[in-house]
Amino acid sequence: MATTKFLLSLLLLVQLAATAYSIGVNYGTLGDNLPPPAKVADFIKTQTNIDAVKIFDTNPDIIKAFANTNISLTITIPNGDIPKLIKLRTARRWVVDHVKPFYPASKIKYIAMGNEVLHWGDDALKSNLVPAMKTLHNALVREGIKDVKVSTPHSLGIMLSSDPPSMGRFRPEVIPILTQMLRFCRQTKSPFMVNPYPYFGWSPEKESYALFRPNNGAHDKFTGKFYTNMFDGLMDAVYSAAKAIGFGDVNLIAAETGWPSACEFPVCSVQNAVDYNAAEKNFGLFKPDMTPVYNAGVVRNQQGGATPGPTMQIPTRPSTPAGPTTPAAPKRGKKGKPAGPAKSTTPATPATPAAGGKKP
């Protein structure tokens, strides 16, 4: 019997720089009976308050579908394509083929050079990552495109420590690459992308802290800051790690986050997903017929707060599998996960590129 798959997985990037906020989704394409991209784009534009979309490839039909919608796009270069993009001629051809036919009608804002390469890539791929980012940036500029930024999302596997947040540090083995990358981000004003998932740092005693529910919070004795949720703590830990190697001025973006509505563990439930956002298989917000899995606060004129919606089906996730964050937690399944909302100190509505933003 065929299983219906979810179409839009939870919120992607939320830019926390200054006062700019975006609500976005990861647009997954692995599934049954999915509506055409034009219908999806129209639904997002006319029926939701989502204003940013991330896709895990460079599907031309999807990119074209968002033309003249004013919805910003993040497109993704597959990990396997990274090595060939260290050559300028190849990178320029890539821009000509995958960006120029659609830009600026389609509002491409970010190009993700792979996904969690430092977690999943071999040594050769890792060594090519920053050179490919630099070359693609140069190719964009030479083709007359100066406002599309190049970055790459990281799992929190890059972190050696994240608690307390002020003592957040990168793993020694990734510091040489991250130093080059953060310097590139500073020079090009590109964001540093991370995928913070409090779900993977869950423990019974930290459940409310991870889910933005009322809790006793956490005090950072070195800064005096008081944290009421794990998301903020994780983002500040990444900021501290970047600052420790001299890059506290680079903007951070939470490129993905979320909470699954179902999995083999008790921690996964519709209510928990509602409280957090929105196991890798159940981050979806909408079904292929565009009905919501639950009220996540992204559909216009939807009455009431975030509440469970129609019975869910199990979706398929795109992209590569992701590993656990620094805190131990349930194992992760396949990746291509959804992104989620930027959070305040109380349960909030989900949001897109989620940025950690500059810190004072």
Side-chain angles (χ1 to χ4, degrees), residues 8-14 24-30 52-59 62-63 72-86 94 98-99 108-134 136-137 148-159 170-171 174 177-178 181-182 184-185 190-197 199-200 234 238 252-258 279-281 283 315-325 332-340 352-356:
L8 298 179
S9 50
L10 190 57
L11 311 190
L12 145 83
L13 323 135
V14 179
V25 292
N26 288 331
Y27 181 172
T29 55
L30 297 181
V53 168
K54 176 184 176 183
I55 61 176
F56 291 93
D57 53 24
T58 56
N59 186 316
I62 295 178
I63 298 174
S72 61
L73 294 178
T74 297
I75 61 177
T76 304
I77 297 171
N79 288 2
D81 291 348
I82 292 173
K84 61 187 179 185
L85 290 174
I86 63 174
W94 189 93
H98 298 285
V99 178
I108 300 172
K109 186 174 184 179
Y110 300 113
I111 299 174
M113 182 66 71
N115 193 45
E116 297 189 347
V117 173
L118 297 188
H119 189 102
W120 299 106
D122 58 23
D123 290 343
L125 192 63
K126 293 174 184 177
S127 66
N128 283 323
L129 180 57
V130 176
M133 293 170 67
K134 291 179 178 179
L136 183 62
H137 169 75
V148 175
K149 303 301 182 182
V150 179
S151 189
T152 186
H154 301 283
S155 79
L156 291 193
I158 62 174
M159 300 296 291
F170 295 131
R171 294 186 181 279
V174 299
I177 293 176
L178 291 181
M181 186 178 298
L182 284 162
F184 165 80
C185 289
S190 298
F192 184 72
M193 293 182 172
V194 292
N195 299 335
Y197 279 83
Y199 163 69
F200 296 109
L234 291 174
V238 176
L252 306 180
I253 279 185
E256 300 178 16
T257 189
E280 292 293 316
K281 297 187 296 184
F283 279 101
T316 301
R317 309 287 323 155
S319 195
T320 53
T325 56
R332 300 175 79 162
K334 290 215 168 181
K335 189 161 177 287
K337 18 182 210 276
T352 316

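By the 4.5 Å heavy-atom criterion applied to side chains, Arg171 and Ile158 are not counted as neighbours. In this structure, Ile82 and Val117 have side chains that are in contact, with non-hydrogen atoms separated by less than 4.5 Å. You'll find the side chain of Phe56 stays beyond 4.5 Å of the side chain of Thr74, heavy atoms only. Residues Val174 and Ile177 have side chains not in contact (no heavy-atom distance under 4.5 Å, counting atoms from C-beta outward). By the 4.5 Å heavy-atom criterion applied to side chains, Leu129 and Met181 are counted as neighbours. The side-chain heavy atoms of His154 and Leu178, taken from C-beta on, include a pair separated by under 4.5 Å. Contact annotation: the side chain of Pro153 approaches that of Lys54 to within less than 4.5 Å [non-hydrogen atoms, C-beta and beyond]. Counting heavy atoms from C-beta outward, Lys109 and Val148 have side chains that stay 4.5 Å or more apart.
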> For Ile62 and Tyr27, what are the C-alpha separation, side-chain angles and deciding distance, and is it a side chain to side chain contact (heavy atoms under 4.5 Å, CB included)?
Replying inline: CA-CA 9 Å; Ile62 295 178; Tyr27 181 172; 3.6 Å; yes
> Given Val150 and Phe184, is the side chain to side chain contact (heavy atoms under 4.5 Å, CB included) satisfied, shown in steps?
Replying inline: CA-CA 9 Å; Val150 179; Phe184 165 80; 4.2 Å; yes
> Trp94 and Ile111: side chain to side chain contact (heavy atoms under 4.5 Å, CB included), yes or no, with the steps?
Replying inline: CA-CA 12 Å; Trp94 189 93; Ile111 299 174; 3.9 Å; yes
> How far apart are the C-alpha atoms of Val238 and Met159, what are their side-chain angles, what is the distance that settles it, and do they pass the side chain to side chain contact (heavy atoms under 4.5 Å, CB included) test?
Replying inline: CA-CA 8 Å; Val238 176; Met159 300 296 291; 4.1 Å; yes
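Separation of atoms CG (Asp57) and NE2 (His98) is listed at 10.0 Å; rounding is to 0.5 Å. In this structure, the separation between CG on Leu182 and CZ on Phe192 is 5.0 Å, given to the nearest 0.5 Å. Rounding to the nearest 0.5 angstrom, the gap separating the CE atom in Met113 from the CE atom in Met193 is 12.0 Å. In this structure, CG on Leu85 lies 12.0 Å from CE on Met133, to the nearest 0.5 angstrom. Going from atom CG of Asn195 over to atom CD1 of Ile253 covers 11.0 Å, rounded to the nearest 0.5 Å.
Across every non-hydrogen atom of His119 and Ser155, the tightest pair is ND1-OG, 3.0 Å. The heavy-atom pair separating Gly114 from Thr152 by the smallest distance is O-OG1, 3.8 Å. Of all heavy-atom pairs between Pro131 and Ser127, the closest is CD-O, 3.3 Å.
In this structure a side-chain-to-backbone donor-acceptor pair under 3.5 Å is present from Asn79 to Asn115. When atom types are taken as modelled, the side chain of Asp81 and the backbone of Ile77 share no donor-acceptor pair closer than 3.5 angstrom. Here the side chain of Ser151 pairs no donor or acceptor atom with the backbone of Ser190 at under 3.5 angstrom. Looking only at distances, a side-chain donor or acceptor of Thr76 sits under 3.5 Å from a matching main-chain atom of Ile55.
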